[in-house]
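Let me begin by presenting the structure, written as structure tokens, before commenting on it.
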Amino acid sequence: MAAMNPSNPLVQALLTDFYQITMAYAYWKCNKHNDNACFDLFFRKNPFRGEFTIFCGLEECIRHILNVGFSQSDIDYLRQVLPDDVHEGFIEYLLSLDGSDITLHAIPEGSIVFPREPLITVEGPLAKLQIIETTLLNLVNFASLVATNAARFRLVAGEDVRLLEFGLRRAQGPDGGVSASRYCYIGGFDATSNILAGKMYGIPCKGTNAHSFITSFNKLTDLDHIDKTINGCPCTMKDFIQICISYKEAVCNLLKVNSSETIEGELTSFISYAFTFPKSYLVLVDSYDVFNSGVPNFLIVALALHSLNFKAVGVRIDSGDLAYQSIEIRKAFKQAAEHFGIDYFSNFSIIGSNDICEETIASLNQQGHSLNAFGVGTHLVTCKSQPALGCVYKLVKVNGLNRIKLSEDPIKTTMPGKKVVYRLFGKEGHPLADIIQEDGEPAPEGRVLCRHPNVELKRVYINPTSYKCLQKTWVRNGKVSEPLPSIHEVKKLCENEIKMMRKDHVRLLNPTPYKVSVSEAMYQMMHKMILEHTPIREME
């Protein structure tokens with residue numbers, strides 16, 4: 001059980017809204033707290049003006065249900081904030097609360113999902129399910145939002161470009177930073193700069209160096225006191241400096257740069273970094289002047305490493321015109337490769353950073369660039385273009401009776417009853433539509449009538465070549481009933497799900513809406529309940 005504790009110790013029973021406790025007390029006082037209830041967790045609109053969402057946060061929801069319960073200190077605090085006349089029997093009820101009689105059905109984490117589909121369905125005692133509402137919403141909302149944001153970055157960048165998440169310093173606190181790293185990896189990023197997230201979740205960690213490192217060096221004499229050798233090589237720092245200096249004129253002449261104008265402190269920092277990391281030499285080249293200092297100094301040190309049988313990795317640029325600079329840097333690398341007869345120099349990595357957003361990458365693609373990777377921070381982890389997903393958690397059944405919530409806004413009218421979601425596939429293997437059915441209906445077969453949930457005349461017959469039920473039962477009566485996938489398996493599922501969709505559904509500009517329909521039986525039941533619960537007005 002210990003291994004299934006929540007990843008974040010803040011995820012506990014008290015991580016809920018106060019009104020969940022007051023409602024639970026009212027349920028208890030009216031002897032409804034053990035009513036058999038069913039709640040759905042879903043969202044109403046895809047984020048980022050898109051037409052898909054990546055569902056994440058499920059594992060943490062499962063962990064919470066397995067461990068939910070109030071400690072004695074929690075109860076002591078609740079005594080302080082609840083009214084003085086709260087019955088002692090309710091306090092005892094809270095102290096005994098656990099998740100042993102909760103069952104959770106859900107779509108697998110990492111799946112592509114759509115509005116109004118029940119991502120999570122929980123069944124159990126009414127008061128318990130009420131108390132966990134806020135926690136489950138908190139665990140799913142941001143996780144799904146940031147994973148979807150990451151997936152959009154992957155779509156615009158393409159499969160061949162590496163995406164590095166550098167957002168910890170700009171994230172909304174430690175919890176937001178660690179969560180963002182986890183779910184950005186699932187959504188399509190290759191690595192994170194966040195070491196804690198790397199340790200906790202097994203995400204690859206990557207990092208280069210900052211301008212502070214480059215500017216902290218002044219002269220080559222700063223390294224005179226170094227008496228160590230390069231790892232795996234007998235070369236001393238003094239020898240390494242001399243090798244670097246021996247290439248300086250040749251590189252500067254090749255690139256038509258005045259060797260006296262290159263910044264010695266920058267070269268010193270590059271030498272220091274390469275001496276420390278000879279197998280992963282990748283440096284920031286825009287601290288002073290990219291073309292008159294940064295690139296020449298990088299190549300000088302790369303040549304020195306090559307002479308010692310090490311291969312440099314590349315450069316990062318963090319300012320200026322990334323398209324133009326990357327193209328010109330690539331030209332310089334190719335010149336050096338040809339001139340010095342070292343083919344791999346042509347393929348050095350060029351990483352672009354500097355407040356990268358989805359639109360930036362789209363613009364760079366349009367202009368043409370030579371970047372191998374992007375380092376993305378603020379716009380990714382803060383979901384700057386849309387700060388919330390808007391998941392909701394609604395009661396759909398109590399004691400065998402379907403329940404509905406009405407609204408003058410049709411999208412806010414809930415779909416009553418426990419439901420099953422099927423995905424229908426066409427002959428080319430792409431999903432054609434999802435259909436929401438009442439629990440207990442037979443699976444789709446042959447020619448399937450798919451109806452719009454609200455608009456009577458919107459309906460279509462679909463002849464799928466195959467279908468699959470999206471939900472699984474992950475927790476049954478407080479125990480795990482389905483093996484939880486690793487983060488890498490969840491990431492792969494996300495990748496495969498996006499690839500399976502028709503391109504027009506997941507394109508970033510003016511995507512085609514994906515059909516989420518209901519069965520004929522679901523439609524009739526839902527609209528019968530709407531009529532039953534809508535008063536008929538009288539006019540005079």
Can you name the side-chain contact (heavy atoms from CB on, under 4.5 Å) partners of [X], sequence neighbours left out?
X: Ala171; value: Val381
X: Gln471; value: Ile107, Pro118, Val420, Val421, Cys469
X: Pro387; value: none

For residues 497-504, please give each side-chain donor-acceptor pair under 3.5 Å, one per line with the distance, not counting sequence neighbours.
from, atom 1, to, atom 2, distance (Å)
Glu497, OE1, Ile112, N, 3.0
Glu497, OE1, Arg423, NH1, 3.4
Glu497, OE2, Lys468, NZ, 3.4
Lys499, NZ, Glu495, OE2, 3.0
Arg502, NE, Asp504, OD1, 2.9
Arg502, NH2, Asp504, OD2, 2.7
Arg502, NH2, His505, NE2, 3.4
Asp504, OD2, Thr512, OG1, 2.8

Asn141: partners by side chain to side chain donor-acceptor pair (under 3.5 Å), with sequence neighbours left out: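 Counting only residues at least two positions away or on another chain, Asn141 forms no side chain to side chain donor-acceptor pair (under 3.5 Å).
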
Set of residues satisfying side chain to side chain donor-acceptor pair (under 3.5 Å) with respect to Glu109, sequence neighbours excluded: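 Result, side chain to side chain donor-acceptor pair (under 3.5 Å) vs Glu109: none returned.
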
Residue list, ring-ring contact (aromatic ring centres under 6.0 Å, His included) with [X], at least two apart or on another chain:
X: His488; answer: Tyr185
X: Phe374; answer: His369
X: Tyr25; answer: Phe90
X: Phe39; answer: Tyr393

Student check: side-chain heavy atoms of [X] and [Y] closer than 4.5 Å:
X: Leu380; Y: Arg170; result: no
X: Leu66; Y: Val480; result: yes
X: Tyr183; Y: Leu145; result: no
X: Lys128; Y: Leu97; result: yes

Between Asn138 and Thr135: side-chain donor-acceptor atoms closer than 3.5 Å: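 No.
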
Between Gln80 and Asp76: side-chain donor-acceptor atoms closer than 3.5 Å: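 Side chains of Gln80 and Asp76: no pair found under 3.5 Å.
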
Candidates Asp318, Thr360, Thr378 - the one meeting side chain to side chain contact (heavy atoms under 4.5 Å, CB included) with Asp355: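 It is Thr378, the one option of Asp318, Thr360, Thr378 that forms the side chain to side chain contact (heavy atoms under 4.5 Å, CB included) with Asp355.
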
Show the atom names and distances, to 0.1 Å, of all donor-acceptor pairs under 3.5 Å that link a side chain in residues 52-61 to residues at least two apart or in another chain.
from, atom 1, to, atom 2, distance (Å)
Thr53, OG1, Asn46, OD1, 2.8
Glu59, OE2, Arg63, NE, 2.9
Glu59, OE2, Arg63, NH2, 2.9
Glu60, OE1, Ser7, N, 3.0
Glu60, OE2, Ser7, OG, 2.7
Glu60, OE2, Arg182, NH1, 2.8
Glu60, OE2, Arg182, NH2, 3.3

Electrostatic pair Arg79-Glu88, nearest N-O below 4.0 angstrom: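 The answer is yes: the pair qualifies as a salt bridge.
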
Short N-O contact, Asp40 and Lys418, less than 4.0 angstrom: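 Salt bridge between Asp40 and Lys418, a charged N being under 4.0 Å from a carboxylate O: no.
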
Glu123 vs Thr103, side chain to side chain donor-acceptor pair (under 3.5 Å): CA-CA, chis, key distance, verdict: CA-CA 5 Å; Glu123 297 179 282; Thr103 293; 5.4 Å; no

Evaluation steps, side chain to side chain contact (heavy atoms under 4.5 Å, CB included), between Leu164 and Ser193: CA-CA 8 Å; Leu164 312 174; Ser193 64; over 6 Å; no

Pairs involving residues 407-456, ordered by first then second residue, that meet ring pair (Phe, Tyr, Trp, His ring centres under 6.0 Å) (sequence neighbours left out):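 Matches after skipping sequence neighbours: Tyr422-Tyr467.
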
Mutual orientation of the aromatic rings belonging to His33 and Trp28 [parallel < 30°, tilted 30-60°, perpendicular > 60°]: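 Judged by the thresholds at 30° and 60°, the geometry between His33 and Trp28 is tilted.
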
Arg154, Lys491, Lys206 screened by salt bridge (Lys or Arg N to Asp or Glu O under 4.0 Å) with Asp190, the one that passes: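 That would be Arg154; it is the only one of Arg154, Lys491, Lys206 passing the salt bridge (Lys or Arg N to Asp or Glu O under 4.0 Å) with Asp190.
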
